[in-house]
> 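Before I ask anything, let me first share the structure, which is written out below as C-alpha cells.
Every number for a ligand or one of its atoms is a count from 1 in the order of the listing.
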Amino acid sequence: MTEVITAADVSAVDISGKARDILSRLGAGDPFVADGELVCTSPIDGSELGRLRADTAADVEAVVGRAQAAFLQWRTVPAPVRGQLVRELGELLREHKDDLGALVSIEAGKIVSEGLGEVQEMIDICDLAVGLSRQLHGLTIATERPGHRMMEQWLPLGVVGVISAFNFPVAVWSWNTALALVCGDAVVWKPSEKTLLTAIACQALLRQAAERVGAPVDVSQVLLGAAEVGGALVDDPRVPLISATGSTRMGKQVAPRVAARLGRTLLELGGNNAAIVAPSADLDLAVRGIVFSAVGTAGQRCTSLRRVIVHESIHDDLLARLQAAYATLPIGSPLEPGTLVGPLIDAAATTAFTAAVARATADGGTLVAGGDVADGVAGGQYVRPAIIDMPQQTDIVKAETFAPLLYVLAYRDLDEALELHNEVAQGLSSSIFTLNVREAETFMSAVGSDCGIANVNIGPSGAEIGGAFGGEKETGGGRESGSDAWRAYMRRTTNTVNYSSELPLAQGVEFG
Ligand code: NAD
C-alpha cells in the first residue's frame with residue numbers, strides 16, 4: 001500500500017519529510033545536496049523541501065550526447081517493441097499513482113484530486129502510445145509511372161528537447177515522452193525550475209521501466225536548472241525538435257533561436273480562454289462549467305477560463321449565480337479533502353493577481369467577488385478567486401494573468417460575442433454554452449472561435465488525451481497528445497520504387 005497524505009498530516013506540516021519518503025518509494029533515492037543552487041519549495045506553506053545541484057552548459061553537452069547515442073540504438077528497435085517500454089511506464093504509474101499525485105500536490109499545490117488526475121492523464125497517454133506503436137502508418141500514393149510504387153514512411157526523428165511549465169509538472173512530460181519513445185526518439189527534459197522533484201520522480205520511474213524491459217536507459221534524460229539550461233538545449237544542433245510548454249514570453253525567446261538553426265519547434269504557450277453564454281444556455285450547467293474552469297487549479301491552467309462573454313439579457317442573473325457559487329469556495333491546503341482552491345505557485349503570482357485586479361477596476365471594472373489575499377496555510381500564497389464585471393475588453397483583460405481572475409463582458413448579438421472572443425492575441429481553448437444548434441455550429445465553424453479547442457456546453461479546461469491538444473496565434477500552433485500529434489515526433493520520407501525494366505520520367509520528360 002502506498003501512503004496517501006491525509007488532513008492530519010497537513011497540520012503536522014512535515015511536507016518535506018513526506019516528499020522525501022515519496023521520492024524514496026518511487027526509486028529516486030535522496031537526490032538532495034546541502035549546498036545545491038536550486039531550492040525546491042512547496043507552495044502549500046512556502047517551506048523548503050531540499051536543494052539540488054543545477055546542471056551546467058557542460059552537463060547539457062554530455063546529456064545530449066548520451067541521448068544521441070541512445071537514439072542511434074533505439075531507432076533500430078521495432079516500434080511495437082518500443083511500445084513495451086511505454087506500457088511498463090504506464091504500469092509503474094498505476095502502481096505509484098497515489099504517491100506521484102501527492103508529490104504533484106506538494107510541489108505544484110494542486111488539490112489531491114487534481115494531482116491524481118494529472119497522473120491518470122499520464123497513464124492514459126501511455127495507453128494511447130502503446131496502441132500507436134502498432135499504428136505509425138504512412139500512405140501508399142498512386143503514381144503516374146507504370147511499374148512504380150510510391151509511398152510515405154514515418155521514421156524516428158532524433159533527440160527531442162522537452163521544456164515544461166510548473167502547472168502540469170508531469171503530464172506534459174508524459175504527453176511528449178510517451179509519443180516520442182514509441183516514435184523511436186530519445187528525450188531530454190528541462191522541467192520547470194519550480195517543480196524539480198516531480199521530474200526526478202518521473203525519470204526514476206522511466207529508468208525502472210527501461211531496466212525491466214531491457215531498453216537503453218539513456219533514451220530519457222533530465223536537465224535541472226532555469227532558463228539558461230533550457231537555452232543551451234534550445235541551441236543544440238543535435239536536437240531536431242524542441243517541444244516547449246510555457247508562457248508566450250518564453251515561446252517568443254525560444255522560437256527564433258531554434259529557427260536560426262532551422263530546427264523544429266512544437267509550442268504550447270499561453271491562453272486567454274473564454275466562454276460565451278447565450279440566452280438559451282442551461283444556466284445551472286453553465287455555472288458549474290464556468291466555476292470549474294475558472295477556479296480549478298487556482299486558475300493556473302493554460303486552459304483556465306479567464307473571460308465570460310454573456311448575453312446582456314442574462315448578464316445579471318449569471319453574475320448573481322456566479323457570485324453565490326464563489327462565496328462557498330473552500331480555500332486552503334490542497335492536501336485537505338474538501339479544498340477546491342489551493343495556493344498560487346509563488347509570491348510573484350499573488351502580486352500579478354492583485355495588480356491585475358487593481359488595473360481592471362481602475363479601467364472601470366466592478367469587483368463582484370474575491371480579489372484579495374485569503375487565509376490559508378501560513379507561508380503559502382492563497383487568494384480569493386475574483387470576478388470582475390467589465391464595461392469593455394481593456395488591455396488587462398486581453399492579457400493572461402495566471403491566477404483565478406474571471407472577467408465578465410456583456411454582448412448584444414453573436415457577431416459581437418465572437419468579435420470580443422477572438423480579439424485577444426492568444427488562441428488556446430474556448431467554449432459556448434447554448435442550446436441553439438445554429439449558435440453552436442457557428443461557434444465551431446470557420447467564422448467562429450479562432451482557438452485550437454472549441455467546446456459546446458462544457459468549459460474550456462479539462463481536455464482528454466484522445467484529441468490533439470494545442471492552440472493558434474500566440475499560443476504557438478503546436479499540437480500534442482492524441483489524434484495525429486505523433487507526426488511531430490517523426491520525420492517523413494517519400495519513397496518511389498521502380499519494379500519495371502523501364503525508366504519512365506515523371507511529367508513525361510524525355511532525356512536522351
Ligand atoms: P514559463 O514560460 O515561465 O516557464 C516555462 C519553462 O520554460 C520553464 O521550464 C522555464 O525554465 C523555461 N524557460 C523560460 N525561458 C526560457 C528560455 N529563454 N529558453 C529556454 N527555456 C526557457 O512558464 P510557467 O510560469 O512555468 O508556466 C505558466 C505558463 O505556461 C502560462 O503562460 C501557461 O498558459 C503556459 N502553459 C501552456 C500550456 C499549453 O499547453 N498551451 C500548458 C501549460 C502551461
> Can you list the ligand 1 atoms lying under 4.0 Å from a non-hydrogen atom of Gly230?
20 (C), 21 (N)

> What are the atoms of ligand 1, with element, lying closer than 4.0 Å to any heavy atom of Gly270?
32 (O), 34 (O)

> Within a distance under 4.0 Å of any heavy atom of Thr245, pick out the atoms of ligand 1 and give their elements.
5 (C), 6 (C), 37 (C), 38 (C), 42 (C), 43 (C), 44 (C)

> Within the 4.5 Å heavy-atom criterion, are Ser16 and Leu49 side-chain neighbours or not?
yes

> Is atom 26 (O) of ligand 1 close to the protein, meaning a heavy atom under 4.0 Å from it?
yes

> Ignoring hydrogens, just give me the one of Gly246, Ser164, Ser192, Gly476 whose non-hydrogen atom is nearest atom 35 (C) of ligand 1.
Gly246

> Have a look at Lys190, Met250, Gln253 and point out the one with the heavy atom closest to atom 14 (C) of ligand 1.
Met250

> Output yes when the distance from some N or O of ligand 1 to some N or O of Ala226 is under 3.5 Å, and no in every other case.
no

> Checking contacts here: is it the side chain or the backbone of Gln300 that comes within 4.0 Å of ligand 1, counting heavy atoms only? Could be both or neither.
neither

> For Glu228, is there an ion pair with Lys190 - N to carboxylate O distance below 4.0 angstrom?
no

> Does atom CD (Glu419) have a neighbourhood of more than 12 heavy atoms from anything else shown, all under 6.0 Å?
no

> May I ask you to check if ligand 1 and Phe166 share an N or O to N or O distance below 3.5 Å?
yes

> Would you indicate which of Phe469, Phe402, Phe168 comes nearest to atom 40 (O) of ligand 1 when only heavy atoms are counted?
Phe469

> Return a yes/no value for Glu400: is any of its N or O atoms, backbone included, closer than 3.5 angstrom to an N or O of ligand 1?
yes

> Could you list the atoms of ligand 1 found under 4.0 angstrom from a heavy atom of Arg249?
2 (O), 3 (O)

> Can you list the atoms of ligand 1 that are under 4.0 Å from a heavy atom of Gly231?
19 (N), 20 (C)

> Any non-hydrogen side-chain atom of Glu121 less than 4.5 Å from a side-chain atom of Phe168?
yes

> Would you kindly specify which portion of Val254 sits under 4.0 Å from ligand 1, judged on non-hydrogen atoms: side chain, backbone, both or neither?
side chain

> Taking only heavy atoms of Asn167 into account, list the atoms of ligand 1 that are under 4.0 Å away from them.
43 (C), 44 (C)

> In terms of relative ring orientation, are Trp173 and Trp189 parallel, tilted or perpendicular, with 30° and 60° separating the classes?
parallel

> Would you say Thr475 and Cys302 make side-chain contact, with heavy atoms under 4.5 Å?
no

> Check each atom of ligand 1 against the heavy atoms of Pro191 and keep those under 4.0 Å away; list them by number with element.
9 (O)

> Please list, in number order, the atoms of ligand 1 under 4.0 Å from a heavy atom of Ser247.
1 (P), 2 (O), 23 (O), 29 (C), 30 (O), 32 (O)

> Report, as yes or no, whether the 6.0 Å neighbourhood of atom CG on Asp30 holds more than 12 heavy atoms from other residues, nucleotides or ligands.
yes

